[in-house]
Amino acid sequence: MCFLPLAAVNADKFLPMVKQLLSGLGVSAVIFFLTLLFALPLGLLIASGRRSKWAAVRWFFQLFISVMRGTPLMLQLFIWYFCPFYLFDIPLSDLAFCGIEYRYSAVIIGFSLNYAAYFSEIYRAGIEAIPRGQYEAAFVLGYSKSQTFFRIILPQVIKRIIPPVTNEVITLVKDTSLAFSLSVLEMFTVARQIASAETTMMPFIIAGVFYYIFNFLVAGFMAFIEKRLAYYKG
Amino acid sequence: MKLFTASNIKKSFGKNCVLRDISLEIEKGEVVSIIGPSGSGKTTFLRCAAMLETPDSGVLEYDGVTGFDNGYKIDKKSFIEARSKFGMVFQNFNLFPHFSVMRNLTDAPACVRKIPAKELELQAKGLLEKMGLGGRENAYPCELSGGQQQRVAIARALMNQPEILFFDEPTSALDPELTLEILKVIRALAAENMTMVIVTHELEFAKEVSDRIIFMADGVIVEEGRADELIDDPKNERTRAFISGFKK
Ligand SMILES: Nc1ncnc2c1ncn2[C@@H]1O[C@H](COP(=O)(O)OP(=O)(O)OP(=O)(O)O)[C@@H](O)[C@H]1O
Ligand SMILES: [Mg+2]
């Protein structure tokens, strides 16, 4: 049965379809890279807030992480999208950034904060796995606190967290499709539009192949980094 | 000349009073071993001396520079200067696993004291040669035996040219054969007049390498004296019991 709609696609429709999906893939990729760009450092910040010596700061970040992880990402996207209007009465059209609609910014904010929360827990586990002796040796050798963190601790943390980060990053590739909920023109939204206009499931299959290839490359890249860091054990 | 003075050091962990009034002076060039039963506070004292633990009260002075004074605020400059006076060798080495042997030695002085890399590499090569590790500059710690790692750790501590070296059971994580390598190095350092304080369970080694031995129990110094005298002819009942327990 399901081959009927496939057969209905002929060659002169196939190429434009792929082209449209590729432009959607471009948007998905932008969401992906911007999310990583913001979420990876932000996660580190949240992890350090989570380990702060002030209890209030710790609790704040703990609450933040628990809300980010305990509610659906799609719901978070809606909240980031609508809250300027409902909470502050700012018309969403005023929030366009460099001529780009606010919905795109909302997607980036939502993804970045959500993934930062997940990354922060990975960082925290990684930081806590570093033996205390490393800090003590660094202290006695005269390193300052920030030198200790950036030269001694963080490089070892990065090596340890590559596998869990790889998992998150692969999930992120697939999660970019959630942006369809704000009608952002990423690949899944495009696929849905074509599918309903042309009554075919071909776009979903092509999009699936594209997601798979995207993740294949991502996994390959992460494996490459893991290999680069395999020059020592520990 | 006194290189290190600890006066009336007290330290509790919660209700557990671990150091009850420890006072100790170390002369330049002196090698002092600290022995005593498990839990007597040896490590805690050494960690206080290395500023890794903050005493509850007392005074710590390093070559005339105050590093701790009854909890009064020490200005940052003297704190850093005091810290630069000593080096520490840990029981389990604590080498930086992501750095090569060379980088383990050169990174801290390059980054803390801003000494040019060329100079440091020369110095490091010389030290490694002396430790019997010539040619291992590019190895990573995980590729070395425990004894080799501990020698790298000693070389790393020496790179900062400390006045005094603290050792916390430098050989207890090692097989007996490897222990010998470390003892050789410590003996060589002693011959060069390096000032050292060594916490150890190896009485024979302590007797052989140190000028003075301190016997600690329950957070106090029970007895101290010339190395051979304290081991062969302890005056205090508890010292005697401890040492005869070991000889069996
Ligand atoms: N960070 C800490 N927190 C709480 N208690 C501690 C801490 N460090 C040490 N202690 C306690 O202090 C006491 C002395 O410990 P310490 O490690 O100084 O003994 P030690 O003489 O070095 O013993 P060993 O010969 O077994 O190494 C022990 O009772 C130990 O449980
Ligand atoms: Mg100990």
Side-chain angles (χ1 to χ4, degrees), chain A residues 40-41 43-44 47-48 51-55 119 122-166 222-234, chain B residues 43 46-47 49-53 67 76 79-101 103-115 138-144 149 152-153 155-162 164-168 173:
Chain A
L40 285 170
L44 201 54
S48 67
R51 294 162 47 81
S52 165
K53 57 184 166 196
W54 293 295
F119 286 141
I122 294 175
Y123 284 127
R124 187 170 69 96
I127 291 170
E128 283 170 5
I130 304 295
R132 203 173 57 154
Q134 293 288 305
Y135 292 91
E136 296 185 340
F139 170 82
V140 174
L141 288 169
Y143 287 102
S144 71
K145 279 220 168 83
S146 75
Q147 285 169 337
T148 302
F149 186 73
F150 287 107
R151 299 182 81 89
I152 310 297
I153 306 301
L154 190 58
Q156 298 184 54
V157 169
I158 290 174
K159 178 186 166 91
R160 280 166 193 251
I161 65 175
I162 292 290
V165 165
T166 303
M222 296 305 281
F224 167 77
I225 295 184
E226 198 169 344
K227 220 168 168 182
R228 284 292 300 269
L229 293 175
Y231 66 90
Y232 74 93
K233 284 204 281 287
Chain B
T43 295
L46 206 67
R47 288 173 56 82
M51 298 171 131
L52 292 169
E53 210 81 71
K76 201 165 173 191
F79 182 86
I80 287 175
E81 199 187 343
R83 189 174 57 176
S84 72
K85 297 285 183 187
F86 62 83
M88 172 101 179
V89 176
F90 298 86
Q91 190 171 355
N92 44 8
F93 332 132
N94 291 340
L95 291 176
F96 303 132
H98 59 307
F99 285 169
S100 67
V101 166
R103 184 99 186 267
N104 261 284
L105 267 63
T106 57
D107 194 72
C111 167
V112 175
R113 292 186 292 145
K114 316 267 182 259
I115 298 173
N138 297 320
Y140 282 86
C142 62
E143 300 163 350
L144 303 178
Q149 289 188 48
V152 173
R156 181 177 70 173
L158 289 170
M159 284 296 288
N160 281 334
Q161 293 164 333
I164 181 165
L165 262 189
F166 298 126
F167 294 80
D168 188 15

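Since this is a predicted model, take the numbers as computed values, not measurements. All chains are named by letter (A, B, ...) in the order of the sequence lines, taking the proteins before the strands, and each is independently numbered beginning at 1.
For chain B, the option among Lys233(A), Gln156(A), Arg151(A) with the highest count of heavy-atom pairs below 4.5 Å is Arg151(A). In terms of non-hydrogen atom pairs under 4.5 Å with chain A, the most contact-rich of Phe166(B), Phe99(B), Tyr140(B) is Tyr140(B). Heavy-atom pairs under 4.5 Å with chain A were tallied for Cys111(B), Ser84(B), Cys142(B), Ala153(B); the largest tally goes to Cys111(B).
The backbone N or O of Pro141(B) lies less than 3.5 Å from no partner atom in the side chain of Tyr232(A), so there is not a single donor-acceptor pair. A distance-only check finds a donor-acceptor pair linking the side chain of Tyr231(A) to the backbone of His98(B) [under 3.5 Å].
Interface residue Asp107(B): backbone and side-chain heavy atoms are both found under 4.5 Å from chain A. Contacts between Gln147(A) and chain B at a heavy-atom distance below 4.5 Å involve the side chain alone, from C-beta outward. Residue Phe96(B) touches chain A through both its backbone and its side chain, counting heavy-atom pairs closer than 4.5 Å. Only the side chain of Arg47(B) comes within less than 4.5 Å of a heavy atom in chain A; its backbone stays farther off.
To the nearest 0.5 Å, the span separating CD1 on Ile152(A) from CG on Asn94(B) amounts to 11.5 Å. The CZ atom of Arg83(B) lies 5.0 Å from the CZ atom of Phe139(A); values are rounded to the nearest 0.5 Å.
Contact of the Val140(A) side chain with the Phe90(B) side chain is registered, since non-hydrogen atoms from C-beta on lie closer than 4.5 Å.
In this structure, Gln134(A) and Leu95(B) approach most closely via the heavy-atom pair NE2-O, 2.8 Å.
Other residues, nucleotides and ligands contribute over 12 non-hydrogen atoms within 6.0 Å of the NZ atom of Lys114(B).
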